[in-house]
Amino acid sequence: MSNEFLSYEVAEGVAIITLRRTDVLNSFHRPMAAELQRSLASAADDESVRAVLLTAVGRAFSAGQDLAEAVPPGEGELPDVGDIVRDSYNPIIRALRSLPKPVVCAVNGVAAGAGANIAFACDFVLAAETASFIQAFTKIGLIPDSGGTFFLPRLVGPARAMSLMVLGEKLGADEAHRLGMIHDVVPESTLHDVAVAFAQRLAVMPTHAIALTKQAINANWTNDLDAQLELEERLQSEAGRSADYLEGVRAFQQKRSPVFKGK
Ligand code: T3D
């Protein structure tokens with residue numbers, strides 16, 4: 001797979017996707033969004049991949065939509081920004097949530113607009129101490145997209161979500177962690193190594209059970225209790241038929257560490 005605006009590599013069961021459009025703070029234009037969509041599809045299809053790490057180089061994780069693409073300089077007809085949301089961001093958010101493997105996002109700097117909400121759609125967010133999150137949308141007269149209006153109220157409650165989304169103030173990594181929006185905060189110099197090690201740890205866990213857990217978490221956002229209990233019953237049956245379940249129990253009985261194959 002050849003990419004121009006990001007890199008994709010697989011090592012030790014982890015697909016590492018690194019945004020590399022540093023001159024515009026890794027903001028997304030259609031070609032970079034398409035490359036991320038393709039990379040997520042590859043990670044989903046590749047059996048050797050058991051965890052995904054999404055990160056970036058430079059001083060930002062992503063400044064969201066490339067505003068030069070959204071509103072080209074000069075005269076002329078404006079593109080329908082709803083088309084950009086449909087083509088660029090919605091497929092990315094759907095891919096992140098349906099990917100049957102854990103996705104770690106390592107936020108190395110500012111994550112603004114769609115950049116922030118792509119991070120919040122991942123399963124685990126690790127942030128550098130110096131990272132920050134901004135719902136930059138209202139500053140330019142837009143509404144939060146990329147799942148922001150779905151994830152943020154669920155992460156922090158509707159009142160706080162409204163403040164974040166309407167006021168568009170910068171939220172530091174420590175505060176995001178304190179509010180329960182992200183998994184952890186680490187010193188900037190260690191972020192990459194910590195994130196790779198964390199993704200590698202996930203990659204030797206029972207991948208299928210993690211995928212089913214993710215499925216149940218996705219469903220909890222719309223299910224009532226009865227529907228969720230029924231889903232747990234069905235998914236637990238499926239997990240109980242996996243080789244990893246047998247291995248987990250055998251390893252426990254034999255007082256050794258399990259060797260999970262992800263199936
Ligand atoms: O199509 C649609 O619009 C619908 C989809 C919407 C999804 C969205 O994500 S909407 C939100 C879009 N993002 C923003 O509005 C954020 C804009 N950027 C900023 O607010 C700030 O740049 C940051 C808070 C992210 C960082 O601030 P700072 O002071 O650290 O950096 P800077 O000086 O503002 O930016 C550095 C360079 O990156 C600068 O270019 P220059 O002057 O060095 O040549 C700046 O223009 C460029 N840049 C930053 N963000 C974007 C960008 N270029 C294009 N698009 C950007 N989003």
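Numbers here simply count residues along the sequence, with the first being 1. Keep in mind that the numbers below use all heavy atoms, side chains included, and drop hydrogens, waters and symmetry copies. Both ligands and their constituent atoms are indexed starting at 1 by order of listing. Since this is a predicted model, take the numbers as computed values, not measurements.
Atom-to-atom distance recorded for Ser88:OG and Gln37:CD is 6.5 Å, nearest 0.5 angstrom. For the atom pair CG of Leu54 and CD1 of Ile118, the computed distance is 7.5 Å after rounding to the nearest 0.5 Å. One distance of note links CG of Leu53 with OG1 of Thr18; it measures 7.0 Å at 0.5 Å rounding.
The cluster map of Ile, Leu, Val, Met, Phe, Trp and Tyr, joined by side-chain heavy atoms under 4.5 Å apart, puts Met32 and Leu96 in the same cluster. Under the 4.5 Å side-chain heavy-atom criterion for grouping Ile, Leu, Val, Met, Phe, Trp and Tyr, Leu191 is not connected to Val110 through any hydrophobic cluster. Under the 4.5 Å side-chain heavy-atom criterion for grouping Ile, Leu, Val, Met, Phe, Trp and Tyr, Leu171 is not connected to Leu126 through any hydrophobic cluster. Under the 4.5 Å side-chain heavy-atom criterion for grouping Ile, Leu, Val, Met, Phe, Trp and Tyr, Val103 is connected to Phe28 within one hydrophobic cluster.
Distance remark: protein heavy atom not present below 4.0 angstrom from atom 27 (O) of ligand 1. Contact annotation for atom 12 (C) of ligand 1: protein present (non-hydrogen atoms, distance under 4.0 Å). Distance check for atom 43 (O) of ligand 1: every protein heavy atom is found at 4.0 Å or beyond. Less than 4.0 angstrom separates atom 9 (O) of ligand 1 from at least one non-hydrogen atom of the protein. Put simply, atom 35 (O) of ligand 1 has protein non-hydrogen atoms near it, under 4.0 Å away. Remark: atom 19 (C) of ligand 1 lies closer than 4.0 Å to no protein heavy atom.
Under 4.0 angstrom from ligand 1, the non-hydrogen atoms of Phe137 all belong to its side chain. Under 4.0 angstrom from ligand 1, the non-hydrogen atoms of Ile84 all belong to its side chain. By the criterion of a heavy-atom distance under 4.0 Å, neither the backbone nor the side chain of Glu69 is placed next to ligand 1.
The protein atom (non-hydrogen) at minimum distance from atom 6 (C) of ligand 1 is Asp145 OD2, 3.1 Å. Looking at atom 4 (C) of ligand 1, its nearest protein heavy atom turns out to be Val81 CB, 3.8 Å. The protein heavy-atom contact nearest to atom 31 (O) of ligand 1 is Arg59 NH2, 3.0 Å. Nearest protein heavy-atom contact of atom 17 (C) of ligand 1 is Leu67 CD1, 4.1 Å. Among protein heavy atoms, atom 57 (N) of ligand 1 sits closest to Gln65 O, 2.7 Å. The protein heavy-atom contact nearest to atom 48 (N) of ligand 1 is Val24 O, 4.3 Å. The protein heavy-atom contact nearest to atom 40 (O) of ligand 1 is Asp23 O, 4.7 Å.
Residue Gly64 has at least one heavy-atom neighbour below 4.0 Å for each of these atoms of ligand 1: 9 (O). Interface of Gly113 with ligand 1, defined as ligand atoms under 4.0 Å from a residue heavy atom, comprises 9 (O). Taking every non-hydrogen atom of Ile134 and a distance limit under 4.0 Å, the qualifying atoms of ligand 1 come out as 24 (C). Counting the atoms of ligand 1 from 1 in the order shown, those under 4.0 Å from a heavy atom of Leu25 are 22 (O), 26 (C), 31 (O), 35 (O), 36 (C), 38 (O), 49 (C). Under a 4.0 Å criterion applied to the non-hydrogen atoms of Leu142, ligand 1 contributes the atoms 3 (O).
Among Thr22, Leu19, Leu6, Asn108, the single residue meeting the side chain to side chain contact (heavy atoms under 4.5 Å, CB included) criterion with Val57 is Thr22. Of the residues Val10, Val104, Val196, Val52, the one that meets the side chain to side chain contact (heavy atoms under 4.5 Å, CB included) test with Ile16 is Val196.
Geometrically, ligand 1 and Ile140 share no nitrogen or oxygen pair separated by less than 3.5 Å.
Sorted by first then second residue, the ring-ring contact (aromatic ring centres under 6.0 Å, His included) pairs that include residues 185-243, not counting sequence neighbours, are Phe124-Phe198, Phe150-Trp221, Phe151-Trp221, His183-Phe198.
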Would you tabulate the side-chain donor-acceptor contacts of residues 73-80 under 3.5 Å, counting partners in other chains and residues two or more places apart, or write 'none'?
| residue | atom | partner | partner atom | Å |
| --- | --- | --- | --- | --- |
| Asp80 | OD1 | Gly82 | N | 2.7 |

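Salt bridge status for Glu188 with Arg59: absent, with no side-chain N to carboxylate O gap under 4.0 Å. A salt bridge is defined here as a Lys NZ or Arg NE, NH1 or NH2 lying under 4.0 Å from an Asp or Glu carboxylate O, and Arg250 with Glu247 fails to meet this definition.
Checked by atom type, the side-chain pair Glu35/Tyr8 shows no donor-acceptor distance below 3.5 Å.
For atom 51 (C) of ligand 1, the choice among Ala63, Gly109, Gly168, Ala116 with the nearest heavy atom turns out to be Ala63.
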